[in-house]
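Below you'll find the structure, written out as structure tokens, and then a few comments.
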Amino acid sequence: NAGVTQTPKFQVLKTGQSMTLQCAQDMNHEYMSWYRQDPGMGLRLIHYSVGAGITDQGEVPNGYNVSRSTTEDFPLRLLSAAPSQTSVYFCASSYGTSGRNTQYFGPGTRLTVL
Amino acid sequence: GEDVEQSLFLSVREGDSSVINCTYTDSSSTYLYWYKQEPGAGLQLLTYIFSNMDMKQDQRLTVLLNKKDKHLSLRIADTQTGDSAIYFCAVLSGTYKYIFGTGTRLKVLA
């Protein structure tokens with residue numbers, strides 16, 4: 001198993017540009033989520049999905065869109081990037097939605113918006 | 001909203017015990033977690049404790065939970081240089097939302 005993969009690893013955008021951060025898992029996990037990590041603020045939940053076709057907002061959803069058309073993929077879209085979206089983004093997945101299911105994290109995407 | 005707080009830094013000598021502390025606000029949190037993040041990597045689950053437990057031990061790791069004070073701690077026995085990393089406390093708030101602390105950077109001195 002490749003686990004949770006994220007692409008790209010690094011990205012630089014200009015203000016106003018759009019892009020999609022890719023996340024895929026090959027473990028047949030139901031639950032997938034996106035976090036951003038900022039210095040001194042820990043990880044904050046952006047969006048999550050409990051299965052194909054089902055998504056919901058987390059703590060900081062503004063400026064981000066998600067969709068879940070397959071079990072494997074959970075892309076995160078920035079429609080019009082802003083400097084405040086400079087961050088490290090992590091995707092995570094777990095087998096089920098029970099708290100005892102281990103969340104597996106991807107290696108992260110470091111995004112800089114100029 | 002719900003909050004999880006941790007101190008930012010901890011420095012210990014190799015071979016000593018490390019204790020990383022965390023406080024949280026959501027009294028209904030059912031699962032509480034400790035994650036480790038090494039430089040340039042994602043988070044890795046170390047251990048978790050269910051809210052009806054006071055303590056959980058897993059090899060060198062001991063988790064203590066004080067529900068009355070909403071306090072969670074992680075003790076690492078015989079700390080090694082390979083334990084140097086950022087440690088995150090997290091709680092499951094509601095059914096699907098995980099709330100993470102700011103992380104504690106542990107530095108182990110040889």
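Residue numbers start from 1 in every chain, and the chains themselves are labelled A, B, ... in the order their sequence lines are given, proteins ahead of strands.
Residue A:Phe90 is grouped with residue B:Trp34 when hydrophobic side chains (ILVMFWY) are merged at heavy-atom distances under 4.5 angstrom, including chains of intermediate members. Transitive grouping of hydrophobic side chains (ILVMFWY, heavy atoms separated by less than 4.5 Å) keeps B:Tyr98 and A:Leu76 in distinct clusters. Under the 4.5 Å side-chain heavy-atom criterion for Ile, Leu, Val, Met, Phe, Trp and Tyr, A:Leu79 and A:Val12 are members of distinct hydrophobic clusters. Under the 4.5 Å side-chain heavy-atom criterion for ILVMFWY residues, a single connected hydrophobic cluster contains both B:Tyr48 and B:Leu46. A continuous path of hydrophobic side-chain contacts links A:Val88 to B:Phe88 [ILVMFWY only; heavy atoms under 4.5 Å].
The distance from the CD1 atom of A:Ile54 to the OH atom of B:Tyr96 is 8.0 Å, given to the nearest 0.5 Å. Remark: B:Gln44 CD to A:Gln103 CD distance equals 13.5 Å, nearest 0.5 Å.
At a heavy-atom separation below 4.5 angstrom, chain B is approached by A:Tyr31, A:Tyr35, A:Gln37, A:Gly40, A:Met41, A:Gly42, A:Leu43 within residues 21-43 of chain A. Residues of residues 4-12 of chain B placed with any heavy atom under 4.5 Å of a heavy atom in chain A are absent; none qualify. Heavy-atom neighbours of chain B within the stretch residues 105-114 of chain A, taken at a separation under 4.5 angstrom, comprise A:Phe105, A:Gly106, A:Pro107.
For B:Arg105, the CZ atom is loosely surrounded, since the number of other residues' heavy atoms within 6.0 Å does not exceed 12. Within 6.0 Å of OH in B:Tyr31 there are more than 12 heavy atoms belonging to other residues, nucleotides or ligands.
Not counting sequence neighbours, the partners of A:Ala82 by the side chain to side chain contact (heavy atoms under 4.5 Å, CB included) test are A:Ser84, A:Gln85.
Considering only heavy atoms from C-beta on, B:Phe100 stays 4.5 Å or farther from A:Glu59 through its side chain.
For chain A, the nearby part of B:Tyr35 is the side chain; its heavy atoms alone come within less than 4.5 Å. Looking at B:Leu92, only its side chain comes within 4.5 Å of chain A, counting heavy atoms on both sides.
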